[in-house]
A.B. asks: 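One structure coming up, written as structure tokens, with questions to follow.
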There are 2 protein chains.
Amino acid sequence: MTASSHRAQPPVSAAVVCRRLESLAPLGPASLGLLLCLDDLQTHEAGCELVSERAPHFPSRFLISGWAARVRWLADGRRQILGFLLPGDGIGLCLRPHPLALATTVALTPLVTIDAEPVMRAVGGPAPPEDLAAAMQIASSMDEAALLNQVVRLGRQTAYERMCHLLLELYDRLSDVGLAEDQTFPMPLTQELVSDALGLSVVHVNRILQQLRREGLLDLRTGRASLLDIEQLRDIADYERPQPSRWRSFPGSQPMSEAPA
Amino acid sequence: MTASSHRAQPPVSAAVVCRRLESLAPLGPASLGLLLCLDDLQTHEAGCELVSERAPHFPSRFLISGWAARVRWLADGRRQILGFLLPGDGIGLCLRPHPLALATTVALTPLVTIDAEPVMRAVGGPAPPEDLAAAMQIASSMDEAALLNQVVRLGRQTAYERMCHLLLELYDRLSDVGLAEDQTFPMPLTQELVSDALGLSVVHVNRILQQLRREGLLDLRTGRASLLDIEQLRDIADYERPQPSRWRSFPGSQPMSEAPA
DNA sequence: CGGACTATTGATAACAGTCAACAGTGGTGG
DNA sequence: CCACCACTGTTGACTGTTATCAATAGTCCG
């Protein structure tokens, strides 16, 4: 992992991790304190491999800023992106002592990451803080849910539906950490990366994007995307926003529409 | 869950679960004892829903015999099979107290299952037995690996490659629990189920199977499959057998080909 | 021996891939 | 400041894989 370790003036802080985990389960002051004490901020160049497939050792970190992807290659060079990692997400988190990486993780943009080891030790230790453990487990469930969505997209949706579905997922996930507003979000992916995520050719991705623009559903410029009719996009993609607040059984901080009668 | 609970003459025992977990990490007598004491054997009819998507409560069980699948439906009826569950696999295992199911699990054949709660309590408790916890975590990693394989198949492989890849995966997983020999294994899936797993039409699955037969790579009769040239199938599918024994860092019971020099 | 499901085959159509050329963009160095 | 280069995006023409439709045959089960 080519990275420069420097503690001077962190570009941003672990606040985005707090924001992410709090959107999943309410955190007490002890857990928030633990998160805000995380250190060893690192920057990584675009293109660098954070985790290498089958590597016996790799770091547990949180992504603070920038985008990364989990990737697999076939022998002949075909590439499949398994999923995107966004700010607030974990990288290489695994409770098992010496896991083998199941996929390569690469930086798609310049990144800032922070050490997640203290969190993993707390959660895997003898007396794990209940709130933090709940948040981390829900985060892990959301990772699985994203993977299941990816399977459905690739297996049973048309190119047009896949594109809408992916855009909605990115929008919702970025919203969760406060990086999207007015249906607009940063979009650093090239069409080639999108094509490798959606199992399509670059040319076809380009045509689908043209179509969405013509239909007034999407405004996509360099580095920025706007979803112009989210309701229609949801219909097209058969997409539903995940509601992790409903994945907890105990009462949470966010009021729910269905209150007990 | 429509199921009949009966303790009289279990059709088979939890031995298959022991076999599965021991293939992942060596188990001590205490853990083996715990597994062999599992009870509440249940049978389920083919077609019954063991876990329903978004259900707030669902059982933690091990599959003893028969095949099941995790499934998602789109609004218009398209169906995607996310993965198959084979004897020895867990159903609905989740350490979180009240998780929402991320997908529906259906029985594809008549099933026998056994209660996994004692294992989940032991592993999630204050002093988890190290061997059992390791095996369960490796099992969970293998589940994720299968999901990643499914993404690669659907996203970047041709119909022909997908079919070979799936057949090899089923063969290896059944071998792990002693249900395959001489490159032959039970194959209860209809072509429609295969098509919903591989994201293809039934008609196309049929044609691909014909091709594999013509080429002398596959012998597929009712309920039984033989892989006639595993090496060539591996080349076609770019498939590599997962080696969970290498996923542990501490020395295991199975000798490895690469002994320390 | 009917009925439901599953497998098989042919003909045709649609979706998506490939090839190729060109345009825009941003960075670098002369 | 401009020329150059690499990368990304765009478009057209053509090809190919896979889906759809439809009809028939086989299999299992009651």
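Keep in mind that what you see is a predicted model, and the values were worked out from it rather than measured. Convention: sequence-line order gives letters A, B, ...; per-chain numbering from 1.
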A.B. asks: Just how far, in rounded Å, is P of C/dT8 from CZ of B/Arg221?
C.D. replies: 13 Å
A.B. asks: Both B/Arg207 and B/Val202 contact DNA chain C. Which one's nearest nucleotide lies toward the 5' end?
C.D. replies: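 This one resolves to B/Val202.
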A.B. asks: May I ask you to test the B/Arg153-B/Glu169 pair for a side-chain heavy-atom distance under 4.5 Å?
C.D. replies: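 When only atoms from C-beta onward are counted, B/Glu169 and B/Arg153 do touch, with a gap below 4.5 Å.
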A.B. asks: Starting at the 5' end of DNA chain C, which residue's closest nucleotide do you reach first, B/Gln210 or A/Val205?
C.D. replies: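 Closer to the 5' end of DNA chain C: B/Gln210.
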A.B. asks: Using a heavy-atom cut-off of 4.0 Å across all strands, would you classify A/Leu209 as base, sugar-phosphate, or nothing?
C.D. replies: nothing
A.B. asks: Send over the distance from A/Tyr160 OH to C/dC15 P, rounded to a whole Å.
C.D. replies: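 About 13 Å, once rounded to whole Å.
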A.B. asks: What nucleic acid atoms does B/Gly199 come within less than 4.0 Å of, heavy atoms only: base, sugar-phosphate, or nothing?
C.D. replies: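 The residue B/Gly199 makes sugar-phosphate contact but no base contact.
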A.B. asks: Of all nucleotides in DNA chain D that come within under 4.0 Å of a heavy atom of chain B, which is furthest toward the 5' end and which toward the 3' end?
C.D. replies: D/dT18 to D/dC21
A.B. asks: Could you tell me the separation between the CG atom of A/Asn206 and the C1' atom of C/dA16, rounded to a whole number of Å?
C.D. replies: 14 Å
A.B. asks: Atom CG of B/Leu200 and atom C1' of C/dC15: how far apart are they, to the nearest Å?
C.D. replies: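 Whole-Å distance recorded here is 14 Å.
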A.B. asks: Measure the distance from CG on A/Leu154 to C1' on C/dA16 and round it to the nearest whole Å.
C.D. replies: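 Taking CG of A/Leu154 and C1' of C/dA16, I get 14 Å after rounding.
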A.B. asks: By the 4.0 Å heavy-atom rule, please label A/Val203 as base, sugar-phosphate, or nothing.
C.D. replies: base
A.B. asks: Any salt bridge linking A/Arg224 with A/Asp219? Criterion: basic side-chain nitrogen under 4.0 Å from a carboxylate oxygen.
C.D. replies: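 Looking at A/Arg224 and A/Asp219, the cut-off is not met.
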A.B. asks: Using a 4.0 Å heavy-atom cut-off, does B/Thr190 contact any base of the nucleic acid, only the sugar-phosphate backbone, or nothing at all?
C.D. replies: sugar-phosphate
A.B. asks: Can you check the A/Arg162 CZ to C/dA16 C1' distance for me, whole Å?
C.D. replies: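 From A/Arg162 CZ to C/dA16 C1': 9 Å.
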A.B. asks: Is any NZ, NE, NH1 or NH2 atom of the basic residue among A/Arg234 and A/Glu240 found under 4.0 Å from an Asp or Glu carboxylate oxygen of the other?
C.D. replies: no
A.B. asks: Rounded to whole angstroms, how far apart are CD on B/Gln211 and P on C/dT9?
C.D. replies: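 So the two atoms are 13 Å apart, to the nearest Å.
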A.B. asks: Thinking salt bridges, do A/Arg20 and A/Asp176 make one under a 4.0 Å N-O criterion?
C.D. replies: no
A.B. asks: What contact category does B/Thr158 fall into here, base, sugar-phosphate, or nothing, at under 4.0 angstrom with non-hydrogen atoms?
C.D. replies: sugar-phosphate
A.B. asks: Whole Å only: how far is the CG atom of B/Leu193 from the C1' atom of C/dC5?
C.D. replies: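 Spelled out: CG on B/Leu193 to C1' on C/dC5 is 12 Å.
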A.B. asks: For B/Glu192 and B/Ser195, test the side chains for any donor-to-acceptor distance below 3.5 angstrom and give the result as yes or no.
C.D. replies: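 Result is no, nothing qualifies.
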A.B. asks: Are any of the side-chain nitrogens in B/Arg156 or A/Asp196 under 4.0 Å away from the carboxylate oxygens of its partner?
C.D. replies: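 A salt bridge is present here (some side-chain N lies under 4.0 Å from a carboxylate O).
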A.B. asks: What is the nucleic acid contact for B/Arg213, judged by heavy atoms within less than 4.0 Å: base, sugar-phosphate only, or nothing?
C.D. replies: sugar-phosphate
A.B. asks: Using a cut-off of less than 4.0 Å, is there contact between a side-chain N or O of B/Gln191 and OP1 or OP2 of C/dT8?
C.D. replies: yes
A.B. asks: Is A/Arg78 salt-bridged to B/Asp238, cutoff N-O under 4.0 Å?
C.D. replies: no
